[in-house]
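Because the structure is predicted, anything quoted here is derived from the model rather than measured. First the proteins, then the strands, lettered A, B, ... as listed; each starts at 1.
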Protein chains: 2
Amino acid sequence: MDDRAPRAATGRAKRGARVTIHDVAKASSVSVTTASQALSGQGRMALATRERVKAAAKALSFRPNAIARALLKQRSFTIGLLTNDTYGRFTLPVMAGISEALVDRGVSVFLCSVERDPVIGQSHVDAMLEKQVDGIIASGKRLDSRLPVDLSGVDVPVVYAYCEGPEGSVGFVSDDGQGARLAVAHLVDRGCRRIAHVTGPEDFAVVHRRAEGFAAALAAAGLAPVRAEPLIGDWSEAWGFAAAGALLEGPAAPPDAVFCGNDQIARGLIDALTLRGLRVPQDVAVIGFDNWEIFAAATRPPLTTVDMNLKDLGRHAGLTLLDLVEGRPVSPGIRKLPCRLVVRASSG
Amino acid sequence: MDDRAPRAATGRAKRGARVTIHDVAKASSVSVTTASQALSGQGRMALATRERVKAAAKALSFRPNAIARALLKQRSFTIGLLTNDTYGRFTLPVMAGISEALVDRGVSVFLCSVERDPVIGQSHVDAMLEKQVDGIIASGKRLDSRLPVDLSGVDVPVVYAYCEGPEGSVGFVSDDGQGARLAVAHLVDRGCRRIAHVTGPEDFAVVHRRAEGFAAALAAAGLAPVRAEPLIGDWSEAWGFAAAGALLEGPAAPPDAVFCGNDQIARGLIDALTLRGLRVPQDVAVIGFDNWEIFAAATRPPLTTVDMNLKDLGRHAGLTLLDLVEGRPVSPGIRKLPCRLVVRASSG
DNA sequence: CTGAAAGCGCTTACAG
DNA sequence: CTGAAAGCGCTTACAG
């Protein structure tokens, strides 16, 4: 026949004409209205008509264009995920949880890693907004750090996940105090009475949350801490190793249990205890924090540790953002999500 | 005045009318054609007009709707990133590299983690396709594993990154053989002559690539391996620890260097050597593979190791997908990208 | 029960 | 140098 009707000047897609709902309508001899309604289950029409349209769509392998729908409905079914952590271990499960929760509701996730530079960060946010994301999740690698972007003027809902947000925002964090209490209560249950706490640098908020939980649980059990203050160091194995010396020397009675601020410290501590001929958990029980499998499961003996349920946290954040996007009421504030204790051999 | 003209039945966005190019045109008293061209730098018009339009856009904080542009241009400036690894360490830098390379070209990345289930995986791919992604990157946690999705019928370009693809596809992997040669050549340079290889399970392709590189580099230096075969175990510290025993016992002369299949094995091996009173690197030099900072930097002494440049690999994959999307020629095949040696104290 | 038409927000060939 | 109009692919109120 003759040339096809004039098309947009941009030309056809490289891989041959794509099939649209017009093609489906034509193939099943109905209007596009009917075709659209048949496929979406809307409207009323003869069952036979609906089936005929569906069959035609299948035969043509029709794939509805979500971009066209988004333009019309003013809703992209897309959200933006901002993270400032590309190597770390915390954002990854959070991201997986978000992605899982949303993908199942037909929402796709734009991943965007914002580094230190606020100018670049802002341009990434702008790009998301131009792409009409329905909402944004800001996630970080530290509970107490902010992303280097200003989300206050943004006209879509924002949820913070494992990341500090501004006053009045909606956010989710792990309840590190509760996690610490869980750990200490478990040690007390096992009969431990002289429990020490070895942890990371004081400029981390989690160090304080965990120390508070530690102190509260001891008090609840009517015990005094084996040291007035937690032993502060860094997050490394080397520090855990060194801390063993500080704990065992001096006039005070040695501890019969140590609650560590993270798994690496616990690992170093266990190594040092073992080297000194002490048995874990018989002489000293040890609990870590993070449940970083690569450490917790490789430690001899395997490490009892607090898991922050980060994937769950991500799932909550995703679902809550969806509530906000779809206009369901959500009260502002930071929600603390409970941790769980993963019991392995190091605590008996 | 009177009510605003009838709008689409879906109603306005919740947060007040969004500003469109019509608003900008009206505010600067030009047609939408001129407004569009003024903002995009196209067309020819009085400089003053262009400036006036730009000023109006800025004053109204006009944000062009990328969805509308995508519908018109048949190009979404969006790609899909499939990964089957949500906790591991390899995909993360690959993803960061992809994301970085593309975000800088105005392309956003849909993150989608596909677990084992092929049905779910396929539905995620369908969702991406409905959202009109310009292309797809499949990335995995193992060089020799495939994603549980069939990408062969997909009508957009696909690139594989640290992941096995089908015959004739475009992919990027690390050159583990070259990485191993780098490590051994370095040891030879340092004067080592009896070099052993301790590595992971045989069903990993990388185990063979690294062992081949090891053998080739020894041969090139005119050296015989201290053992006929590499010592095969798993990827754990425990195995590295145990391997030290196997290496030092028996009639053969002990090695003066060990090239390990990963950093965890190296870590365990160093621990065992140290425990036996051997000095690293003076008595035995040790090199790892992966450059997993948390292990490599924490080892005593810090570990010399092979870095696979995964972020770079991701960047290449992203840029190549863009080439494909934009119609530039790309020859099919798997490209091996070089590793680099990160020298620390464990090799002298 | 079914169809023609408007419109989401943009870009671009074409006419003036 | 500038503007009116068509069209990307879809959904939906409205008319028949």
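Remark: P of C/dC10 and CZ of B/Phe77 are 16 Å apart, rounded to the nearest angstrom. For the pair B/Lys26 NZ and C/dG9 C1', the interatomic distance rounds to 14 Å; values are reported in whole Å. A/Gln132 has its CD atom 19 Å from the P atom of D/dC10, to the nearest Å. A straight line from CG of B/Leu72 to P of C/dT11 spans 8 Å, rounded to a whole angstrom. Regarding A/Gln74, its CD atom lies at a distance of 14 Å from the P atom of C/dG7, rounded to whole Å. Between the NE2 atom of A/His22 and the C1' atom of D/dC10 there is a distance of 8 Å, given to the nearest Å. Taking atom CG of A/Leu71 as the reference point, atom P of D/dT11 lies 12 Å away to the nearest angstrom. Whole-Å rounding puts the A/Arg69 CZ to D/dC10 P distance at 8 Å.
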Next on the checklist: With salt bridge (Lys or Arg N to Asp or Glu O under 4.0 Å) as the criterion, how do B/Arg105 and B/Glu326 come out once you've worked through the C-alpha distance, each side chain's angles and the decisive distance to 0.1 Å?
Outcome noted: CA-CA 12 Å; B/Arg105 327 282 270 235; B/Glu326 296 176 350; over 6 Å; no

Checklist entry - Please walk me through it: do B/Arg142 and B/Glu164 pass salt bridge (Lys or Arg N to Asp or Glu O under 4.0 Å)? => result CA-CA 8 Å; B/Arg142 270 183 67 168; B/Glu164 185 138 314; over 6 Å; no

Next on the checklist: Assess the residue pair B/Thr33 and B/Ser36 against the criterion (side chain to side chain donor-acceptor pair (under 3.5 Å)); give the C-alpha distance rounded to whole Å, side-chain angles, the decisive distance to 0.1 Å, and a yes or no.
Outcome noted: CA-CA 5 Å; B/Thr33 305; B/Ser36 173; over 6 Å; no

Using a cutoff of under 3.5 Å, can you pull out all pairs of nitrogen or oxygen atoms linking the protein to nucleotides 1-5 of chain D, with atom names and distances?
{"residue": "D/dT2", "atom": "OP2", "partner": "B/Ala46", "partner atom": "N", "Å": "3.4"}
{"residue": "D/dG3", "atom": "OP2", "partner": "B/Ser31", "partner atom": "N", "Å": "2.8"}
{"residue": "D/dG3", "atom": "OP2", "partner": "B/Ser31", "partner atom": "OG", "Å": "3.3"}
{"residue": "D/dG3", "atom": "OP2", "partner": "B/Thr34", "partner atom": "OG1", "Å": "3.2"}
{"residue": "D/dA4", "atom": "N7", "partner": "B/Thr33", "partner atom": "OG1", "Å": "3.4"}
{"residue": "D/dA4", "atom": "N6", "partner": "B/Thr33", "partner atom": "OG1", "Å": "2.3"}

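Heavy-atom nearest nucleotides on DNA chain D were determined for A/Gln42 and for A/Ile67, and the one closer to the 5' end corresponds to A/Ile67.
Between A/Phe172 and A/His316, the ring planes lie tilted relative to each other; the angle falls in the 30° to 60° range.
The two atoms that bring B/Ala27 and B/Leu60 nearest to each other are CB-CD1, 4.0 Å, heavy atoms only.
Shown are B/Val109, B/Thr78, B/Leu111; of these, the side chain to side chain contact (heavy atoms under 4.5 Å, CB included) with A/Phe110 is made only by B/Thr78.
Side-chain atoms of B/Ala68 lie closest to C/dG9 of the nucleotides D/dC10, C/dG9, D/dC8. Nearest to the side-chain atoms of A/Lys73 among the listed nucleotides C/dC8, D/dT11, C/dC10 stands D/dT11. Distance from the side chain of A/Ser36 is smallest to D/dT12 among C/dC10, D/dT12, D/dC8.
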Checklist entry - Pairing of DNA chain C as dot-bracket, 5' to 3': ( ) intra-strand, [ ] crossing, | other strand, . unpaired, with Watson-Crick or G-U pairs under 3.5 Å? => result |||.||||||||.|||

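Here A/Leu39 contributes atom CG and A/Ile21 contributes atom CD1; the two are 5.5 Å apart, rounded to the nearest 0.5 Å. The CD1 atom of A/Ile137 lies 11.5 Å from the CG atom of A/Leu151; values are rounded to the nearest 0.5 Å.
Contact check for B/Phe90 versus B/Tyr162: side-chain heavy atoms found under the 4.5 Å cut-off.
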